[in-house]
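For reference, the structure is listed below as structure tokens.
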Amino acid sequence: MGRIFTVELEGRSYRCRFCRTHLALPDDLISRSFHCRRGKAYLFNRSVNISMGPLEERMMLSGMHTVADIFCCCCGQNVGWKYESAHEKAQKYKEGKFVLERGRIVDEIDLSTEVYIDTRSDTEDS
């Protein structure tokens with residue numbers, strides 16, 4: 001297959017939950033009010049370090065769309081989908097945009113706030 005070259009984003013970013021590869025910048029975030037089968041999702045203008053699956057017609061909550069699943073280029077996990085076309089005029093703003101599923105990404109702030117909790121007792125029995 002060859003070597004995989006990834007784009008390193010400057011500053012805070014959204015990353016793949018599984019391998020921590022950069023996927024998107026907060027500046028490209030359009031909406032946090034999207035939903036998918038597994039929960040919440042975010043709509044972005046751009047995404048990097050992804051590969052796309054085949055185009056398919058999919059019935060979404062907002063109507064019929066032509067979409068392609070998107071996968072992290074490093075670990076291969078499905079992280080969301082890309083809207084290629086919308087069949088309804090009111091949904092055309094989604095065309096060319098990326099949806100990243102919240103359960104499959106982490107915000108770099110989430111990474112910096114990971115806390116180690118020591119579960120050992122402070123006192124030792126003698």
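Interatomic distance, Leu9 CG to Thr21 OG1, rounded to the nearest 0.5 Å: 10.5 Å. With values rounded to the nearest 0.5 angstrom, Gln91 atom CD is found 4.0 Å from Lys94 atom NZ. Here the straight-line distance linking atom SG of Cys74 with atom CG of Asn49 works out to 6.0 Å at 0.5 Å rounding. For the atom pair Ile105 CD1 and Cys16 SG, the distance stands at 9.5 Å (nearest 0.5 Å).
The main-chain N or O of Gln77 is never found under 3.5 Å from a side-chain atom of Arg104 such that the two would form a donor-acceptor pair. For Ser31 (side chain) and Leu43 (main-chain N/O), no donor-acceptor pair under 3.5 Å exists by modelled atom type.
Identified under the salt bridge (Lys or Arg N to Asp or Glu O under 4.0 Å) test for residues 72-84, with sequence neighbours left out: Lys82-Glu84. Applying the salt bridge (Lys or Arg N to Asp or Glu O under 4.0 Å) test to pairs two or more places apart or on separate chains, those with a residue in residues 67-81 are Arg58-Asp69. Among residue pairs with one or both ends in residues 22-33, those qualifying as salt bridge (Lys or Arg N to Asp or Glu O under 4.0 Å) are Asp28-Arg46; sequence neighbours excluded.
If you run salt bridge (charged side-chain N to carboxylate O under 4.0 Å, His left out) between Asp107 and each of Arg102, Arg20, Arg12, Arg15, only Arg12 comes through.
Using a 4.5 Å cut-off on side-chain heavy atoms (C-beta onward), Tyr14 and Leu29 make contact. With contacts defined as side-chain heavy-atom distances shorter than 4.5 Å, the pair Val79/Leu23 qualifies. Contact of the Glu56 side chain with the Val67 side chain is registered, since non-hydrogen atoms from C-beta on lie closer than 4.5 Å.
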inquiry  = Would Asn45 and Lys97 count as a side chain to side chain contact (heavy atoms under 4.5 Å, CB included) here? Give the steps.
reply    = CA-CA 5 Å; Asn45 273 320; Lys97 306 293 191 286; 2.9 Å; yes
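At a threshold of 4.5 Å between side-chain heavy atoms, the hydrophobic network of Ile, Leu, Val, Met, Phe, Trp and Tyr places Met52 and Leu100 in one connected group. Hydrophobic clustering (ILVMFWY, side-chain heavy atoms < 4.5 Å, transitive): Ile30 and Trp81 are in one cluster. Note on Leu55 and Ile50: separate hydrophobic clusters, where clusters join Ile, Leu, Val, Met, Phe, Trp and Tyr whose side-chain heavy atoms are under 4.5 Å apart, directly or indirectly. With hydrophobic clusters built from ILVMFWY side chains whose heavy atoms lie under 4.5 angstrom apart, Phe44 does not share a cluster with Tyr93.
Side-chain contact annotation: Thr66 with Glu57, donor-acceptor N/O pair under 3.5 Å present.
In terms of heavy-atom proximity, Ser13 sits nearest to Pro26 at CA-CD, 4.1 Å.
Remark: His65 engages Ser62 in a side-chain hydrogen bond (donor to acceptor under 3.5 Å, both in side chains) (not counting sequence neighbours). Listed by chain and residue number, nothing satisfies the side-chain hydrogen bond (donor to acceptor under 3.5 Å, both in side chains) test with Thr6 (two or more places apart in sequence, or in another chain).
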Mind listing the side-chain donor-acceptor pairs of residues 34-41 below 3.5 Å, one per line with the distance, residues two or more places apart or on another chain?
unit_1 : atom_1 : unit_2 : atom_2 : d
Arg38  : NE     : Glu101 : OE1    : 2.9
Arg38  : NH2    : Glu101 : OE1    : 3.2
Arg38  : NH2    : Glu101 : OE2    : 3.2

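Outside the 6.0 Å centre-distance limit, the rings of Tyr42 and Phe98 are not counted as a close aromatic pair.
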